[in-house]
Novice: 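Structure incoming, see below.
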Amino acid sequence: LSSKPLINMSAQLEKPATDEVSKDTKPTQDADPNASKWVTDEEMTYYPLSRLRRVSVSHFRGKQLVNIREYYSDASGEIKPGRKGISLTVEQYEALKEAIPAIDRTLNL
């Protein structure tokens with residue numbers, strides 16, 4: 001991980017959320033060099049971390065969440081969400097962003 005966020009998600013995460021569960025939403029892509037890495041398929045918009053790991057932004061019960069999830073390929077080759085993953089609240093996501101420089105130093109990056 002670099003000390004820079006993958007994409008400017010802050011602007012999107014600060015917008016008020018609805019109380020309904022909604023499909024994942026696409027964060028803003030304001031002149032961000034990583035914006036082209038966001039992928040939109042039939043069901044969601046996500047940022048691929050690797051072939052089977054993705055980051056997405058969603059709404060649930062009026063809160064915005066940053067989701068980091070592992071996926072798997074079923075017998076037919078279709079990519080499906082796995083059981084392993086985490087959903088971070090905006091506050092938790094902000095805390096993670098603040099921790100990135102210390103994590104980078106620990107990893108000697």
Novice: Which residues satisfy the side chain to side chain donor-acceptor pair (under 3.5 Å) test with Asn108, sequence neighbours excluded?
Specialist: none
Novice: Report the residues that fulfil side chain to side chain donor-acceptor pair (under 3.5 Å) with Ser87, sequence neighbours left out, ordered by chain and then residue number.
Specialist: Asn67
Novice: So how far is it from Leu65 CG to Leu88 CG, rounded to the nearest 0.5 Å?
Specialist: 8.5 Å
Novice: According to side chain to side chain donor-acceptor pair (under 3.5 Å), who are the partners of Glu78, at least two apart in sequence or on a separate chain?
Specialist: none
Novice: Minimum heavy-atom separation for Pro81 and Tyr72, please, with both atom names.
Specialist: O-CE2, 3.3 Å
Novice: Any side-chain to backbone donor/acceptor pair from Arg69 onto Val55? Under 3.5 Å, distance only.
Specialist: no
Novice: Which distance, rounded to the nearest 0.5 Å, do you find between the NZ of Lys37 and the CG of Leu49?
Specialist: 10.5 Å
Novice: Can you tell me how far apart OH (Tyr46) and CZ (Arg53) are? Round to the nearest 0.5 Å.
Specialist: 15.0 Å
Novice: For Arg83, give me all partners under side chain to side chain contact (heavy atoms under 4.5 Å, CB included), at least two apart in sequence or on another chain.
Specialist: none
Novice: Going by the rule side chain to side chain contact (heavy atoms under 4.5 Å, CB included), which residues pair with Ile79 if we only count those two or more places apart in sequence or in a different chain?
Specialist: Arg51, Leu52, Arg54, Tyr71, Ser73
Novice: To the nearest 0.5 Å, how far apart are CG in Leu96 and CD1 in Ile68?
Specialist: 6.5 Å
Novice: Side chain to side chain donor-acceptor pair (under 3.5 Å) with Ser76: which residues, sequence neighbours excluded?
Specialist: Asp74
